[in-house]
Structures are given as structure tokens and as C-alpha cells.
Chemist: 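Got a structure here, written out as C-alpha cells. Questions coming.
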Amino acid sequence: MSAPAGPDHRPLKVAVLGGGPGGLYAAALLKRLDPGREVTVWERNAPDDTFGFGVVLSDETLGGIEHADPDVYRALQAEFVRWDDIDIVHRGRTLTSGGHGFAALGRRRLLAVLHDRCRALGVRLLFRTEAPPAAHLARDHDLVIAADGVHSATRTAHADVFRPQLTTHRCRYIWLSADFALDAFRFEIADTGRGIAQLHAYPYARPSPTPPRASSGAPRPPHPPAERAGVPDGGASTVIVEMREEVWRANGLDAQDESAAAAWCAALFADTLGGRPLRTNNSSWIAFRTVVNERWSHGRIVLLGDAAHTAHFSIGSGTKLAVEDALALAACLREQPALPDALAAYEAERRPVVASTQRAARASLAWFEDLATYTDQPPHQFAFNLLTRSRRVTHDNLRLRDAGFTDAVAAAAGVPTGTPPMFTPFRLRGLTLRNRVVVSPMDMYAADGDGTPGDFHLVHLGARALGGAGLVMTEMVCVSPEGRITPACTGLYAPQHERAWRRVTDFVHAQAPGTAVGVQLGHSGRKGSTRRMWEGIDQPLPDGNWPLVAPSALPYRPGVNQIPHALTTAELGVVRAQFARSAAAAARAGFDLLELHCAHGYLLSGFLSPLTNRRTDAYGGSLAGRLRFPLEVFDAVREQWPADRPMTVRISATDWADGGTTPDDAVAIAAAFAEHGADALDVSTGQVVPDERPDFGRSYQTPYADRIRNTLGVPVIAVGAISSWDDVNSLILAGRTDLCALARPHLYDPHWTLHAAAEQGYSGPGAPWPLPYQAGSRTPPTGRTDAPKPRLTLH
């Protein structure tokens, strides 16, 4: 039988599984909000057993704690160590960035504060006690909170409901402690001789104050031991050492015990530690595991903290997320009259926040996994890259925190004073772009029935050229009638096409001097003969369909799209000649740059992906075989394209699907095109198979461009939900890309680049306003600003 709930159906009897910070804080909040509740916490360990050392909480989290329980806040506030600086040590040089505002305290002390608060409120704490299974507790409890950690038994027992996804990552790390307080958060890179290792360290306990002398000259007794249990007089710092799995094994750390591992780490970072040893506490080398659950509740059982989700330690603390979960759960239980509604509200509130945090954490985690690709960067750029790795810290907010640091980074990169990084020029072969902004290719589906661009294309591309971008790209321009996606797609396979495109390029060159205009050549492959996007994306035409061709006879959507004809060797020659003919026409039409479209599942992309290329001849099989035809097309196009004009290639760096193109494949594909003469790689992702599972989010595709650039040293164009000028500045200055292509922002605002310049107070050569528009180069006033301020308030 269930325990009776209150008259408003809020739970009166609560079981909490796990005595970590999240579980304890949830217990304290629920008891504080309703003293009539019976709340019990089960914890298998002793009260003072804990793993790790210091924990970090943000000001935002602390504000929530202060609002919900001032007693807990005051107790924590007395313990916190606060600091503003981050030190980054790179090749023996230390660079410092300030204004970051961290707060930390010892995990043991945090637990003690929460234990005291729970006891004071009447929460029942059961230590050294294995909890009964959550399903058993749910029989006689109104609510069961599973705060039982990353290895949650509750989650495992009900995996069919929660449907967890567990991802183990490529680095090993170990939590240790140093018996002194660092004066900043510290990142340090060390070469082990067998690969790179990194240190993440921060203070969590202050040094003991020097006791004043008594009148007799004898020192006063130090702090009572109870006040600083486990904390040395010099304070304490958390020290995390991390490295790739293969580096860990190559150094023999997989065969070392806890004390030997600590000694090895202390020797590696002896300068930072001043020769001091490192302490352990059940420390072991761990591979981080990301936990994602499809659902967070099951009847009366709800997941909280690491049981529900994890985020890599490099962007903050799992404790922060767990405490915020507890705050949200308690609030929802108070606000909602029925338990199912409360649990649904809790998940609805927390899931978007957690998803955003996990995206940032994955970006940060991946950056450290690929750390070796960045160690050759100049020190200032490396430091900026590290600080902005999660994409949560950007050029603009880093400048607000420490303008001197960002100015030094810009100066070291050769950015002129007063110039945002996005407005620096960039050279590709014989073409110099005046800034780093590209209007990304966007299919407009606005041509007449024979592929000829018209007035729409003149106005569309002309407006964006007048809007200040350094490079404006056409949509995918098709090389043959059967290579179109829809009947409304443009082409470059007839004389009238060449004349119509010449009208566009002449306008851009005459009316927007300094703006380059590029053409993207492609062939739809198996994704052709469909309706326009707004009429039914990827849906076949109701009539008038034309035959499709592809590397293999695989339809895009089985049962929906037609089965394409697998191209023969002779037919490959015909397609190759079509691309070459269109390239020659593009040169005559006056385009400044040509991009070969080898992405998004169109014909050439179809050859590259193992999911769409099942050929058994020389054009299939291994990656080298799958590359053969796209490279032949590239060579044929390059031969027709003027030698002084650049060529780029757009690729899908991942298919977002099992068995498809991998990031390692993407690097190899990029290397092959670069070897054949590509001047830059335009790095996109996906759209190759319909059952893809993209990891959407702000700038979500940029890590793939970053990896190619910093692995191969070739220029790249980054795309994918880059929406702000702050993102562009951050990516350029960090060395993650050379150019940024933006699509939707340019649909929203054709003058996006000029407005970005105005908003940053920039009026230099990287973003000149067209003469007829110069009167609009300053933001118009939006309302009266000189009204008198109120002086008295009468009651």
C-alpha cells in the first residue's frame, strides 16, 4: 500500500537513494517545504566517505540555493574559495585571463553542511546501508528519488523505461589533491614523451590564517581540527590529470596502483606543484561516461543528478547540475497539485538546460580529446582556443571579462587595433576576400523550368553582395537537366544560363566592388526529381519525373523515392564531362570562385559515403575507391577553371548514422582533395541518409572544420548554426576556421555583415557601406531617451 498523500496529492513519504549533494539537498528542500513529510536518505558509504576533493558551483547555482534555503547558503558561503583568474601554461609560458568568477569548496565539507541541514530539519539519514530497490520502495513511498549516481542501479533496473544511452569517451583521468591552494584555475599541458597529458587544477580550501601571537609571545592555537577536517594548513587544490587512452597505456599507467599513479602525476607537473606530492582518495583512472536518458521518471520513481545525466568535468561540476535538479524538483512538487504533473514539469524545465550543458560539455570534452592537434598553435591563440572551446565563452564575453587578454590575443594574431577578427582579409589563391563572412549556398527553387536564373537571383544575390559579406555563393547550380533537385533549380549547361549568370556577376562586381561571388556546381544524384522544399521536402514530383542516377541502385527513401540507375563506367565519363563543361561556363560567366558540391547526399557525396556506395568496381569499396570518381571530377573541373581563381570543395564530415562517414574519414577525404589542389574545404555534415541523427546545437558542425584545419593545416570554411558575429569572431581568433558561412542569418537580414560592423563600432575597409546606403550606416534611434527620470515615489 502507498502511504497517503496530502490533500493536494503532494508526496508525504519520500525515499532518496544516494547521499551525494543532489540527493541530500533534495531531501532537505522537501522537508523544509513541508515539515510533515517523512524523508529518508539511504547511503551505502559512511558519512565522511567521499570521492574526489573540491567541487565548483556557479554564482547562478548559489543564487538558487540562497533563495531556496538561506541557512545552507550561509553555511556554504563561509567555506567557499573564490578566484577570478585562469592560468594557461603552454610550452613553458603562462598566460592569464581574469574576470571569470569561480567558487569552490571541499566535497567533504559540502556533504557535512548538507548532513547538518538534513538532521536539523528531521530528515532520516541511513549510512552504510544498501537501499532496497526503487521498485520495492515505491510500494510504500509516495516518491522515490534515484540520486544513485553515474552507475545508477535504479536506471539499470528500469532501462526499458528510462532508455539510457551511455557513451564512454577516449580519455582517462584521475582525481587527486595537492596540499596547497593555487591562486587561479590552472590548465597545463605536458609532453610525456609518449603523448600529451593535461592538468586541470583549482583551489578548494584557503590556507590557514597565520595565528596572531599572544602577549607571552607564544602563538595562539590554530583552527580547531573540526573546522578544517582533512584540510592542510596551506589550503588544498583539486588536481585532475587527463590523457588519451593510448597515451595512458603507452606510459604504463594501466599497470600502476593508486600511489604510483599519484607519484607519476606529481613528477610530470612538478613545477606547478613546487615538488609537492599529490594525495589520493580511492583515486583511479576513469574513462568519462556521458549519460543521457530518454525519460527521467517512471511512476513514482524519478532520476536526479548523474543518474539522469552527466556532463564532462572540464566545463564545471556534476554537483552543480545535481543541486539545480534538486531545486527544480522541489519547486515543481510544490507548484503542481499531482505527482505526475510535478515530475513532468521537472523534466520539462530541466531537460533543455541539461541538453544545452551536455552540448557544451561534449564540445569541451572533444577539444581535450583532440588536444594534440592544437599544441602547435601560438601561445595566445592556444589560450583563447582553450577558453572558448565549449562555445559558451565567446570573444565578446571574454572581452568583457578581460579586455587586455583578448586585445593581446588579437595583437598576437596580427589583427589591427580596433578591428574585429571577422573583418580581417583572407587570401585564397589569386583572390583576396575583404572579410571572413560567406553567404552560404542556399537552394532557392526559383528558376524557370529550364534552369535559367532570373530576376529573383539577381535581387537575392545582389542584395547580399551589397550587404557586406566577403564572399556570396550561389545555390547548387546543376550541371545537367537530370542533375537538378527540382524543376525550379538553376543550371549551367545551356548558353542562356551562362548569359543569365553573367548578369548577376556583373551587377555584384559593379555595384558591390570588393565582394566576391562564387558558384557551387553539383549534381542531385538519387535526391533529384523532387518537389520544391515547401511543397514536400524530398517528395517525388506528382508527374513529369525524370530518371535518377547514383553510385548504387539505392533509393533515398525506400518506397518513396525512385530507385536510381547505378552509373556505368562509360556514364561516369559523361557526368565528368558535364562538370567540366559547366566549370568552363562558370569561368566565362565571371565567377570569382568555384565550389564542387561533394556533400549532403548528392551525386558526388553518394560516392564518398559507404552507406550510399555499394559498388564492387574501382569506384567503390575502400575509401580510396570511393574517392576515385569525385577526385576525377575535381581534376576535370580544375583543368577548366582558371589557374588564378580558387576552388573549394564542400563535404559532409559525418553522416550522423552508424556505418557512415566518420570524422577520421573526413580528414582523409579533405587531405585527398587538398592534395589535388583544393584551396579550402567547406565542411558541412549530414543529409546523406534520411535516418540520420544529427546533434543539433549552436555551431554544431564547426568542430569538424576545426579538426580538418588543425590536423592538415588546410584552410576551411565552417558552417552550421553560426548565427552571431560574436561566434564568427570567436571561431576565427581561436584558429578553428578561416571563413564562416552563414545561411539563415542572411535570409533574415541581407545586410547582416554591415549591421555586424555597425554593432561593433567598426567602419574600416573590411565592411564598407555602398555609397547610396552610407546614410544608414548608424543604428537609427528607436525612441525618446531624454525623458526626465522619476525623482519621488509617493505612497
Side-chain angles (χ1 to χ4, degrees), residues 476 478-480 482-483 485 521-529 538 546-580 596-639 649-678 681-692 704 708:
M476 184 175 88
C478 305
V479 299
S480 65
E482 62 276 8
I485 307 167
L521 290 185
H523 187 299
S524 61
R526 69 175 188 161
K527 295 179 75 175
S529 192
D538 297 324
W546 57 84
L548 302 181
V549 297
S552 301
L554 301 170
Y556 182 63
R557 292 182 186 271
V560 176
N561 302 104
Q562 64 178 277
I563 299 174
H565 164 67
L567 288 162
T568 66
T569 302
E571 289 166 339
L572 292 178
V574 172
V575 173
R576 187 167 55 245
Q578 290 170 343
F579 272 95
L596 189 64
H597 201 343
C598 296
H600 300 168
Y602 298 121
L603 181 65
L604 299 181
S605 171
F607 275 89
L608 293 172
S609 173
L611 297 176
T612 51
N613 184 342
R614 305 288 176 80
R615 299 175 74 100
T616 57
D617 63 2
Y619 294 97
S622 67
L623 180 57
R626 302 196 306 273
L627 267 163
R628 187 182 303 273
F629 184 62
L631 289 174
E632 288 179 356
V633 171
F634 180 92
D635 291 342
V637 169
R638 181 71 267 184
E639 186 175 345
V649 180
R650 175 167 280 204
I651 64 170
S652 285
T654 176
D655 294 340
W656 300 112
D658 293 339
T661 298
T662 68
D664 287 342
D665 291 338
V667 172
I669 290 168
F673 280 113
E675 185 178 343
H676 279 246
L681 276 297
D682 185 354
V683 186
S684 186
T685 65
Q687 302 181 52
V688 174
V689 292
D691 57 343
E692 65 179 4
Y704 298 93
I708 288 171

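A quick note: this is a predicted structure, and the numbers were derived from the prediction, not measured.
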Chemist: Without swapping roles, check the side chain of Lys527 against the backbone of Val688 for a donor-acceptor pair under 3.5 Å.
Modeler: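 Checked: no pair found.
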
Chemist: At their closest point, which heavy atom of Thr612 faces which heavy atom of Leu554, and how far apart are they?
Modeler: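 Closest approach of Thr612 to Leu554, heavy atoms only: O-CD1, 3.9 Å.
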
Chemist: Would you say Asp658 has more than 12 foreign heavy atoms packed within less than 6.0 Å of its CG?
Modeler: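 Atom CG in Asp658 is not crowded, with 12 or fewer foreign heavy atoms closer than 6.0 Å.
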
Chemist: About how many Å separate CG of Leu548 and OG of Ser524, when rounded to the nearest 0.5 Å?
Modeler: 6.5 Å

Chemist: Does the Gln562 side chain pair with the main chain of Trp546, one donor and one acceptor, at a distance under 3.5 Å?
Modeler: yes

Chemist: Does the side chain to side chain contact (heavy atoms under 4.5 Å, CB included) test come out yes or no for Asp655 and Glu692, once each step is laid out?
Modeler: CA-CA 7 Å; Asp655 294 340; Glu692 65 179 4; over 6 Å; no

Chemist: Which heavy-atom pair separates Ala550 from Arg526 by the least distance, and what is that distance?
Modeler: CB-CB, 4.0 Å

Chemist: Could you give the distance from OH (Tyr556) to OG (Ser529), rounded to the nearest 0.5 Å?
Modeler: 15.0 Å

Chemist: Just to verify, what does Asp682 make a salt bridge (charged side-chain N to carboxylate O under 4.0 Å, His left out) with, not counting sequence neighbours?
Modeler: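 Only Arg650 meet the salt bridge (charged side-chain N to carboxylate O under 4.0 Å, His left out) criterion with Asp682.
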
Chemist: Answer whether the closest heavy-atom distance between the side chains of Ile563 and Pro558 falls below 4.5 Å.
Modeler: no

Chemist: Please work out which of the three classes, parallel, tilted or perpendicular, describes the rings of Tyr602 and His597, given edges at 30° and 60°.
Modeler: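 Rings of His597 and Tyr602: perpendicular, over 60°.
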
Chemist: Judged by atom type as modelled, is there a donor-acceptor pair below 3.5 Å linking the side chain of Asn613 to the main-chain atoms of Ser609?
Modeler: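 Side chain of Asn613 to backbone of Ser609: no pair is present.
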
Chemist: To check you understand the geometry: which heavy-atom pair defines the closest contact between Pro630 and Leu596, and what is its length?
Modeler: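 What the structure gives for the nearest pair is O-CD2, 4.2 Å.
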
Chemist: What is the minimum heavy-atom distance between Ala553 and Ala566, and which atoms define it?
Modeler: N-CB, 4.0 Å

Chemist: Which heavy-atom pair separates Ala653 from Tyr704 by the least distance, and what is that distance?
Modeler: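 The answer is CB-CB, 3.6 Å.
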
Chemist: Side chain to side chain contact (heavy atoms under 4.5 Å, CB included) between Phe607 and Leu572: does it pass, once the steps are laid out?
Modeler: CA-CA 11 Å; Phe607 275 89; Leu572 292 178; 3.5 Å; yes

Chemist: Does some side-chain heavy atom of Tyr619 sit less than 4.5 Å from a side-chain heavy atom of Pro551?
Modeler: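 No; the side chains remain at least 4.5 Å from each other.
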
Chemist: Of all residues at least two apart in sequence or in a different chain, which pass the side-chain contact (heavy atoms from CB on, under 4.5 Å) check with Leu627?
Modeler: Leu608, Leu623, Leu631, Ile669, Ala672, Phe673

Chemist: If you measure from CG on Leu604 to OG on Ser652, what distance do you get to the nearest 0.5 Å?
Modeler: 11.5 Å

Chemist: If you count every heavy atom of other residues, nucleotides or ligands that lies below 6.0 Å from Glu571 atom CD, does the total exceed 12?
Modeler: yes

Chemist: Do Val549 and Pro564 come close enough that some side-chain heavy atom pair is under 4.5 Å?
Modeler: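 Not in contact.
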
Chemist: Less than 3.5 Å apart, which donor and acceptor atoms pair up between the side chains of residues 573-580 and the rest of the protein, not counting sequence neighbours?
Modeler:
{"residue": "Arg576", "atom": "NH1", "partner": "Glu632", "partner atom": "OE1", "Å": "2.8"}
{"residue": "Gln578", "atom": "NE2", "partner": "Glu482", "partner atom": "OE2", "Å": "3.4"}

Chemist: I'd like to check Arg626 versus Pro610 (side-chain heavy atoms, cut-off strictly below 4.5 Å). Are they in contact?
Modeler: yes

Chemist: With a 4.5 Å heavy-atom cut-off, do Ile708 and Ile651 have their side chains touching?
Modeler: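 Ile708 reaches Ile651 side chain to side chain.
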
Chemist: Can you give me the closest heavy-atom contact between Ala678 and Val649, atom names plus distance?
Modeler: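 Heavy atoms of Ala678 and Val649 come nearest at CB-CG2, 4.1 Å.
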
Chemist: Do His600 and Ser684 come close enough that some side-chain heavy atom pair is under 4.5 Å?
Modeler: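 They are in contact (side-chain heavy atoms under 4.5 Å apart), so the answer is yes.
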
